[in-house]
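Report on the structure given below.
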Amino acid sequence: MSGLFEKINLGSKLEKQDLIDILNITEQNDLEKLFKAAYQVKLKYIGKRVSLRGIVEISNKCVKDCLYCGIRNSNRNVERFELSKQQIVDGLLTAYSFDYGSAVMQGGERTDEKFIIMIESVLHEVKERTNGRLGITLSLGEQDEEVYQRWFDAGAHRYLLRIEASNPELYKKMHPSDHKHERRMECLHSLQNVGYQTGTGVLIGVPGQTIEDLANDLMFFKEFDIDMIGMGPYLVHPDTPMAKEFPGFEQKRKEQLNLGLKMIAAARLLLNDVNIASTTALQALDPLGRELGLLAGGNVIMPNVTATEYRKGYQLYSGKPGLDENSEQSRLALEKSIAQAGETIIYNDWGDSLHYFKRCGKE
Ligand code: SAH
């Protein structure tokens, strides 16, 4: 272990085996050392800074059937909702009025033309009403390159599409057979071609996943030259097929949290200048999970700005926090806890990925 920390503290290039060693850490002392080392790298590249992106969960209607996800198409226990164009615009403008500087539209996957046009017109309207000042990220699944281009032209500049698992075999176990790993890869290439700051990530702690898979996921982010990472621990949703494969989940919550935090730390140590989200799934495992994520190397938090009445409809996993809160309450609680963690929120800024500018030679 001391060899590993020596390497980390010298800033030496990490190999796959080092990542495996990091992800295998269990001793509390070693975990703390790891998070501190990753935090130092964050300080060097980013500082004690957190960027916020107000997230609007636009709809739980989804054409996909991912075996782990609570809003999968064949889950009949979900009441489906879809925000109107105006409700989405209002959510995004809430993020703007809170000075978050940037916002995300996320939802179940849809590829029909009506939907594509609606997103386009939301982008146009919000860009116009904020004089182009609100940065907008999309997280709307697999689309044709032409669609990504249309949304980019309408003003979106970042896109999140998790690969979910970089190992195609594991991906197969997590999805029905018509969900293709190659298609997801193709989409990530399209996003980079179009010019988005491109984010991806994986589910952490899925049944059947090995530590080596996770180390390979990290290497995949590096090889793909990813700008942003949004990944989080897998949480069971009872109405999904994958729930049956993780019967002891309740006893494993602490382990899932730690694995999520170790992945953030390892990503920061390996990739240095990318944006790394400290995701809500961490908060579902521990009320201060997102703040712990910041102290392990994360630098982005996505507070919910969806109107409270629709939050219950968007449960990808059970135990999602903040369902009864309104956006103002989410904001105040978060501001307080971020300050307690000793971090500073950057307001009125897009919080772009430094890595993106390097990748494009625009440094
Ligand atoms: N339709 C969009 C957005 C998906 S929801 C897309 O395909 O990109 C955002 C993320 O939630 C997914 O990428 C997935 O990794 C995560 N998610 C889904 N079910 C989950 C669960 N049970 N536990 C933790 N995260 C989950």
Side-chain angles (χ1 to χ4, degrees), residues 53 55-75 78 80 82 104-112 115-116 119 137-143 147-148 151 156 158-166 170-171 174-176 179-181 183-188 190-191 196 198-207 209 214 217 226 228-246 249 252-253 256-257 259-260 263 277-285 289-290 293 302 304 306 311 313-321:
R53 325 243 179 269
I55 182 163
V56 184
E57 297 158 344
I58 67 167
S59 167
N60 63 6
K61 295 186 179 170
C62 190
V63 297
K64 290 295 186 69
D65 221 9
C66 307
L67 302 180
Y68 44 84
C69 184
I71 63 165
R72 65 197 301 266
N73 190 276
S74 52
N75 183 4
V78 179
R80 301 287 164 173
E82 185 184 334
V104 185
M105 275 188 251
Q106 188 181 81
E109 193 168 299
R110 274 179 61 183
T111 52
D112 52 290
F115 177 75
I116 295 165
I119 297 296
T137 305
L138 300 178
S139 177
L140 300 171
E142 296 165 20
Q143 306 287 342
V147 175
Y148 289 144
W151 289 343
R158 290 193 284 246
Y159 204 104
L160 289 172
L161 182 75
R162 292 187 179 178
I163 189 71
E164 311 295 1
S166 65
L170 179 59
Y171 186 91
M174 295 162 59
H175 299 92
H179 294 30
K180 301 283 184 214
H181 192 261
R183 169 69 174 152
R184 214 122 177 119
M185 290 291 288
E186 186 183 63
C187 287
L188 282 173
S190 294
L191 290 166
Y196 282 95
T198 305
T200 195
V202 293
L203 275 172
I204 303 165
V206 176
Q209 182 184 51
L214 289 170
D217 290 336
I226 269 319
M228 331 182 286
I229 294 173
M231 57 186 173
Y234 163 62
L235 294 145
V236 164
H237 190 296
D239 298 330
T240 58
M242 203 186 270
K244 290 182 207 66
E245 292 174 47
F246 207 153
F249 176 75
K252 292 271 168 118
R253 295 174 73 89
Q256 288 291 94
L257 174 71
L259 195 54
M263 279 293 279
S278 191
T279 53
T280 311
L282 294 169
Q283 190 193 0
L285 290 168
R290 290 181 304 179
M302 299 194 271
N304 203 334
T306 312
R311 292 188 180 191
Y314 199 76
Q315 294 192 62
L316 311 174
Y317 44 79
S318 55
K320 187 173 169 216

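Just follow the structure's listing: the first ligand is 1, and inside any ligand the first atom is 1. Residue indices begin at 1 and follow the sequence shown.
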Counting heavy atoms only, which part of [X] comes closer than 4.0 Å to ligand 1: side chain, backbone, both or neither?
X    : result
R184 : side chain
C69  : both
F246 : neither
L203 : side chain

Reference residue C66; test side chain to side chain contact (heavy atoms under 4.5 Å, CB included); the match among H179, E164, E109, M242: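 In the set H179, E164, E109, M242, the residue that makes a side chain to side chain contact (heavy atoms under 4.5 Å, CB included) with C66 is H179.
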Taking only non-hydrogen atoms of [X], do any sit less than 4.0 angstrom from ligand 1?
X    : result
Y314 : yes
S139 : yes
C62  : no
H179 : no

How far is [atom] from its nearest protein heavy atom, and which residue and atom is that?
atom                    : value
atom 16 (C) of ligand 1 : R162 NH1, 3.4 Å
atom 1 (N) of ligand 1  : G107 O, 2.9 Å
atom 12 (C) of ligand 1 : E164 OE2, 3.4 Å
atom 19 (N) of ligand 1 : Y68 CD1, 3.4 Å

Short N or O distance, [X] and ligand 1, threshold 3.5 Å exclusive:
X    : value
H237 : no
L235 : yes
Y317 : no

Just wondering, are more than 12 heavy atoms of other shown residues or ligands nearer than 6.0 Å to NZ in K64?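 More than 12 within 6.0 Å, yes.
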Please list, in number order, the atoms of ligand 1 under 4.0 Å from a heavy atom of Q106.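 The atoms of ligand 1 under 4.0 Å from a heavy atom of Q106 are 3 (C), 5 (S), 9 (C).
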Hey, which atoms in ligand 1 end up nearer than 4.0 Å to a heavy atom of P233?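 Numbered from 1, ligand 1 contributes 24 (C).
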Is E57 paired with R311 through a side-chain N to carboxylate O contact shorter than 4.0 Å?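 E57 and R311: not salt-bridged.
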Are Y234 and Y68 close enough that their ring centers fall under 6.0 Å?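 No, they do not, as the ring centres are separated by 6.0 Å or more.
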Determine the minimum heavy-atom distance between [X] and [Y], stating which atoms define it.
X    : Y    : answer
A277 : G230 : CB-CA, 4.2 Å
G107 : I58  : CA-CG1, 4.1 Å
R162 : T279 : NH2-CG2, 3.9 Å
T240 : C69  : CG2-O, 3.3 Å

If hydrogens are left out, which of L160, L316, I71, I163 has an atom nearest to atom 5 (S) of ligand 1, that is, the closest non-hydrogen atom?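 Ranked by closest heavy atom to atom 5 (S) of ligand 1, first place is L316.
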Pair N75, R80 - check side chain to side chain contact (heavy atoms under 4.5 Å, CB included), show working. CA-CA 10 Å; N75 183 4; R80 301 287 164 173; 4.2 Å; yes
Over 60° means perpendicular and under 30° means parallel, so tell me whether W151 and Y159 are parallel, tilted or perpendicular.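 Aromatic pair W151/Y159 classed parallel.
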Donor-acceptor pair between S278 and R290 side chains, under 3.5 angstrom: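 Not at all, the side chains of S278 and R290 share no donor-acceptor pair under 3.5 Å.
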